[in-house]
Structures are given as structure tokens and as C-alpha cells.
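Read through the structure below, which is laid out as C-alpha cells, and then see the notes.
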Amino acid sequence: MKILVVGSGGREHALCWAIAGSPLCKKLYCAPGNAGIAREAECVAIGSEDIPALVTFARDKQIDFVVVGPEAPLVAGLVDALEAAGIKAFGPSAKAAELEGSKGFMKDLAARCKVPTAMYQRFRDAGQAKAFVQAYAKNHPGKGIVVKADGLAAGKGVTVCPDPKDALAAIDEAMLDKRFGTAGNEVVIEECLIGEEVSFFALCDGTTALPFGSAQDHKRVGDGDEGPNTGGMGAYSPAPAMTPLLSEQVMAEIIRPTLAGMAAMGRPFKGILFAGLMITDSGPKLIEFNVRFGDPECEVLIPRLMSDLLPALIATRDGQLKNFALRWQDRAALAVVMAARGYPNDPLRGTVIGGLDEAGKIQGVTVFHAGTKAQDGKVLANGGRILAVTAVANTLPAAFTSAYEAVDRIQWPEGFCRNDIGWRAIPSWRKLRGLKR
Ligand code: AMP
Ligand code: GLY
């Protein structure tokens with residue numbers, strides 16, 4: 001088969017890495033890809049949101065199957081456009097991608113399907129939103145409030161506000177200052193959930209859902225979960241908090257009802273459903289849905305998969321998951337994201353990264369590229385998050401040790417990473433990292 005992967009991050013590198021190893025794959029393209037992906041696939045200079053150019057390319061090259069990584073082209077209808085042109089594609093239609101594209105849509109669906117989630121209200125008027133916040137604060141003293149821009153905001157549209165005053169400011173920013181453009185025309189205001197956060201994944205073929213593992217991400221830029229939010233600074237899988245029992249509960253209370261609800265609306269969901277969960281004292285609750293693999297979660301899920309990924313993606317597209325099974329390694333994976341100095345606000349671009357081959361020689365380690373470009377035989381930083389240094393090992397602490405050993409071999413003075421990826425699950429992480437406190 002000729003396969004095209006769309007995207008340019010660590011997630012797409014992991015997808016290309018797995019697909020390139022599939023006996024079914026004869027030729028692999030990636031648009032636009034990056035310097036690491038170029039080792040697995042032929043990179044083509046088409047942006048991941050350029051739908052007409054992607055369809056033309058896929059048609060010209062007679063691509064058999066397209067795998068779409070990021071949310072923006074899914075929400076914009078890339079899969080619809082490819083399928084209309086007779087090209088099979090993995091990922092939800094634009095109508096199904098609204099689960100991520102509109103937080104209000106997702107909350108209404110959850111309410112209709114009785115999916116456990118935070119109490120919420122939708123607002124198109126800033127005055128009414130603020131009045132709601134003030135009333136909520138009065139009736140629930142000491143409780144936090146979450147303000148969310150309805151639309152896609154590149155992961156920046158959510159403000160968790162311990163103090164209601166911050167919620168009022170967040171409403172102004174989204175609705176009046178238009179910080180997220182039209183994505184903030186509407187806001188969702190929610191109660192703040194307390195607990196441990198887990199990313200949960202399931203392949204969905206419209207009617208059947210197949211669990212695809214769990215992971216824990218690290219959203220804040222700094223050690224100890226300090227500093228601003230990012231796309232994710234590291235992850236590990238499986239998430240110890242997601243026990244088999246809890247996993248079945250999530251399938252029964254969250255994933256399957258959502259799939260049934262979407263099908264009933266004439267929007268069958270096909271692709272990978274990523275549920276952001278809060279494990280609260282009263283059970284798992286849905287924080288949000290994403291309609292794609294997580295990044296860096298994908299980089300720790302895929303290396304644990306023993307089955308061939310490509311047939312699973314094709315069965316998802318073809319509605320054939322019913323009798324499909326996946327085999328997983330009973331091992332742990334941990335990925336440390338290395339970012340360019342200045343990330344997430346203003347990352348330094350164009351600096352040279354060395355030691356990548358040395359890092360990749362450590363047993364169980366794969367260095368996925370997230371934002372790199374090749375120039376004159378060198379690898380340059382070309383974005384915010386640059387590498388996802390991933391290790392698979394028998395235990396999570398062993399994966400931690402290998403991943404950081406690899407990180408320490410990378411010569412990149414202008415890069416940085418968190419030192420505590422996995423801290424929740426690895427009590428000895430300080431010692432393993434050689435830190436006093
Ligand atoms: P994002 O991926 O940018 O949408 O991030 C949203 C983040 O905000 C989540 O990962 C949670 O940490 C947090 N969050 C969102 N909604 C809630 C909620 N209702 N209660 C507590 N935290 C939330
Ligand atoms: N790592 C979180 C996400 O991909 O949205």
C-alpha cells in the first residue's frame with residue numbers, strides 16, 4: 001500500500017515509525033514531516049491544513065490510505081474531502097470532529113448521553129457569563145471555576161481559575177479581547193474537577209470501540225508542574241491510575257455512550273477517541289474529548305503496541321473493529337520532551353542539535369522528532385517542542401532511567417526538558433535523576 005501521514009510532530013513521527021515497519025506498507029509519504037520523519041518516509045512540502053493540495057497529492061500518487069495526525073485538518077474536513085475523492089482515510093469526519101472542535105457540542109452530547117462530566121453552562125454573551133460566575137462563586141465559596149473558549153485554540157483556550165476574579169478576566173480575554181479569535185465567540189464555564197488526570201484512548205469504527213491504552217501527560221512547562229501550560233512536556237504509559245476495572249468503567253460510562261450518541265446524531269465517530277479524564281473521588285469524569293492521538297501520548301502508546309498498527313487503522317476506517325484484537329507489550333514507555341529555550345512563549349529557532357545518534361543507541365530508546373528540520377547535514381530546532389526522547393523498558397523506573405540517559409547524550413545547549421516526567425508513578429525519580437531535592 002501507499003500511505004500518506006499528515007502532520008509534522010512527534011505524534012506523526014511515531015505513527016510513521018510504526019507504519020514504515022508494517023509489511024503492508026510499500027511506500028510512505030508524510031506531509032509536511034520533519035527531519036526525523038524523513039528517515040521513515042518521503043516528506044512532501046504540503047502544510048497539514050492545505051486540504052486541496054493534500055487531496056491532489058493523494059490522488060496524483062494513488063495513495064491507498066491517509067492517516068491524519070492533528071486536529072485542525074480533521075475539524076476543517078480533510079477526511080471528508082479525501083473520502084469524497086475516493087481516497088480512504090483514518091480520522092473522523094468534520095461533523096464527528098466537533099467533539100474536539102466545539103467544547104459546547106461535546107458537553108451537550110455528554111449531558112444527553114449521561115456521560116459523567118463537570119457541571120457546565122454555555123454562553124455567547126460576556127455579561128451573562130460573568131453573572132453566572134458571580135452567582136456560582138457566591139453559592140460555592142472556595143470552589144474553582146474553569147473558563148473555556150468553545151473552539152480550537154491550539155491548547156490555550158482553557159483557563160482553570162481557583163479565584164473567581166480570574167474567571168471574570170478569562171471571560172473578557174476570550175469574548176471581548178478575542179485572544180483566541182472566533183474560537184472565543186462562545187465560552188463554556190465549568191465546575192473545577194479535582195483528582196488525577198489520565199489520557200484514555202480508544203479506536204472507534206463508528207459503532208465498536210477498542211481500548212488503545214492510557215497515558216499520563218505533563219502539561220506545565222516546569223518541574224513540579226510549575227509555569228505555563230504547554231502542549232505536553234512528557235508522558236508515560238500505561239497510567240498506573242487506570243486500572244483494568246477503571247478502564248472497563250470508562251469504556252462503559254464514557255466511550256460507548258458517546259459512540260452511540262454520535263451515531264444516533266448521524267455523526268458516527270471513526271478514528272481514535274482521546275478522552276481526557278479526571279479520576280475523582282466519585283469516579284472517572286470526562287474533562288474533554290480530542291479526536292486524534294495525543295502528543296506526546298502517541299509516542300508512548302505506539303512503542304508498546306506489538307500488533308501491526310496499520311491494519312488496526314484500516315479496520316477502524318472500514319468499520320471492522322468488531323472482531324479485532326490488539327496485542328500490547330507488558331512493559332512501560334516514558335517520553336521526555338525536549339523543547340527550545342523560550343517555549344512555550346517564544347522558542348528560539350535554528351539552533352543545532354547534536355548527539356541524536358548516540359542517544360538512539362541506548363537499548364529501548366527511540367528519539368522521535370517533534371519540530372526539527374535538516375539543513376546542510378545538521379538537525380536544527382524548528383518549533384517549540386523539538387524532540388520526544390522515548391524509552392521502553394520492563395518497569396517505569398527503568399524506562400525513566402533510559403530516557404534520561406538518552407536526554408543527557410543530546411548536545412543541545414539551547415534546549416531544555418523537565419526532570420520529573422513520571423513523578424506521580426516513580427517515587428524515586430529524584431534519586432534516579434541524581435537530584436538531591
Ligand atoms: P487543554 O488540553 O488545553 O484543553 O487543557 C485543558 C486542561 O485544563 C486539562 O488538561 C485540565 O488539566 C484542565 N481542565 C479542563 N477542564 C477542567 C475541569 N473542569 N476541572 C479541572 N481541570 C480542568
Ligand atoms: N498531550 C495532550 C494533547 O495532545 O492534547
Side-chain angles (χ1 to χ4, degrees), residues 7 9-12 14-15 69-72 74-75 97 99-104 106-107 110-111 115-121 133 136 140 143-162 166-167 170 174 179-180 183-184 187-201 214-221 225 228-237 239 272-282 284-302 335-337 339 344 368 370 384-385 388 418 421 424:
R11 166 180 53 209
E12 287 76 22
L15 291 169
E71 63 277 16
L74 292 169
V75 171
L99 272 182
E100 177 166 0
S102 165
K103 297 195 191 293
M106 172 268 178
K107 294 296 285 191
V115 167
T117 185
M119 187 282 296
Y120 76 106
Q121 292 258 1
V133 164
Y136 183 89
H140 303 85
K143 284 213 169 170
I145 298 180
V146 183
V147 178
K148 302 182 169 184
D150 180 74
L152 289 187
K156 299 187 174 72
V158 175
T159 318
V160 178
C161 313
D166 301 333
R179 186 169 159 218
F180 314 110
V187 297
V188 172
I189 300 190
E190 294 185 4
E191 76 176 302
C192 190
L193 299 172
I194 311 279
E196 192 165 331
E197 240 180 294
V198 174
S199 305
F200 184 92
F201 297 84
S214 63
Q216 268 181 312
D217 190 11
H218 300 63
K219 292 243 175 220
R220 302 301 187 97
V221 76
D225 290 337
N229 253 325
T230 70
M233 293 300 290
Y236 56 96
S237 172
I272 183 117
L273 189 56
F274 165 178
L277 304 174
M278 191 73 86
I279 312 300
T280 71
D281 287 343
S282 52
K285 294 203 176 169
L286 177 68
I287 297 175
E288 62 181 354
F289 275 130
N290 298 308
V291 299
R292 49 170 175 85
F293 283 102
D295 193 345
E297 287 95 330
C298 189
E299 293 95 302
V300 289
L301 291 173
I302 300 284
V336 178
V337 168
F368 294 117
R385 293 188 294 171
R418 278 179 64 159
I421 300 305
R424 277 177 201 282

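What you see below is based on every heavy atom in this structure, not just the backbone, and it leaves out hydrogens, waters and symmetry mates. Whatever order the structure lists them in is the order used to number ligands and atoms, beginning at 1.
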When you measure from the side chain of Gln216 to the backbone N and O of Glu197, does any donor-acceptor pair fall under 3.5 Å? yes

Under 4.0 Å from one or more heavy atoms of Val160, ligand 1 contributes atoms 8 (O), 13 (C), 14 (N)

Short N or O separations between ligand 2 and the protein, below 3.5 Å:
{"unit_1": "ligand 2", "atom_1": "1 (N)", "unit_2": "Asp217", "atom_2": "OD2", "d": "2.8"}
{"unit_1": "ligand 2", "atom_1": "1 (N)", "unit_2": "Gly231", "atom_2": "O", "d": "3.2"}
{"unit_1": "ligand 2", "atom_1": "1 (N)", "unit_2": "Asp295", "atom_2": "O", "d": "2.9"}
{"unit_1": "ligand 2", "atom_1": "1 (N)", "unit_2": "Glu297", "atom_2": "OE1", "d": "2.8"}
{"unit_1": "ligand 2", "atom_1": "1 (N)", "unit_2": "Glu297", "atom_2": "OE2", "d": "3.4"}
{"unit_1": "ligand 2", "atom_1": "4 (O)", "unit_2": "Arg292", "atom_2": "NH1", "d": "3.0"}
{"unit_1": "ligand 2", "atom_1": "4 (O)", "unit_2": "Asp295", "atom_2": "N", "d": "3.0"}
{"unit_1": "ligand 2", "atom_1": "5 (O)", "unit_2": "Arg292", "atom_2": "NH1", "d": "3.4"}
{"unit_1": "ligand 2", "atom_1": "5 (O)", "unit_2": "Arg292", "atom_2": "NH2", "d": "2.9"}

Do Arg220 and Asn229 have side chains that get closer than 4.5 Å, going by heavy atoms? yes

Charged N-O contact under 4.0 Å between Lys107 and Glu190: yes

Against heavy atoms of Met278, which atoms of ligand 1 measure under 4.0 Å? 21 (C), 22 (N)

Say whether Gly276 and ligand 1 are in contact under the criterion: heavy-atom distance to a ligand atom below 4.0 Å. no

Relative to ligand 1, is Val158 under 4.0 angstrom through side chain, backbone, both or neither, heavy atoms considered? side chain

Does any part of the side chain of Pro344, heavy atoms only, come nearer than 4.5 Å to the side chain of Lys156, both counted from C-beta? no

State, yes or no, whether a side-chain contact exists between Pro70 and Arg11 at a heavy-atom distance under 4.5 Å. yes

Spatial distance of atom CD1 (Ile287) from atom OG1 (Thr280) [nearest 0.5 Å]: 10.0 Å

Between NZ on residue Lys219 and OG1 on residue Thr230, distance to nearest 0.5 Å: 7.0 Å

Report yes if Leu193 has an N/O atom closer than 3.5 Å to an N/O atom of ligand 1; otherwise report no. yes

If you define the side chain from C-beta out and look only at heavy atoms, does anything of Phe274 sit under 4.5 Å from Glu71? no

Just need the protein heavy atom nearest to atom 16 (N) of ligand 1, so name the residue and atom and give the distance. Lys148 NZ, 3.0 Å

Short list, please: which atoms of ligand 1 are under 4.0 Å from a heavy atom of Glu288? 1 (P), 2 (O), 4 (O)

If the test is side-chain contact (heavy atoms from CB on, under 4.5 Å), which one of Val75, Leu273, Asn290 qualifies with Leu99? Leu273

Give the residue and atom name of whichever protein heavy atom lies nearest to atom 9 (C) of ligand 1, and the separation in Å to one decimal. Glu197 OE2, 3.3 Å

Can you list the ligand 1 atoms lying under 4.0 Å from a non-hydrogen atom of Val146? 16 (N), 17 (C), 18 (C), 19 (N), 20 (N)

Show me which atoms of ligand 1 lie under 4.0 Å from any heavy atom of Ile287. 14 (N), 15 (C), 16 (N), 17 (C)

Is there side-chain contact between Met106 and Val188, with at least one heavy-atom pair below 4.5 Å? no

Heavy-atom distance under 4.5 Å between the side chains of Thr159 and Asp166, does that happen here? no

Just verifying a value: how many Å separate Tyr236 OH and Glu297 CD, rounded to the nearest 0.5 Å? 11.0 Å

Nearest to atom 3 (O) of ligand 1, what protein heavy atom do you find, and at what distance? Gly155 O, 2.9 Å

Applying a heavy-atom cut-off of 4.0 Å, say which part of Glu191 lies close to ligand 1: side chain, backbone, both or neither. backbone

In terms of atom number and element, which parts of ligand 1 are under 4.0 angstrom from non-hydrogen atoms of Glu190? 16 (N), 18 (C), 19 (N)

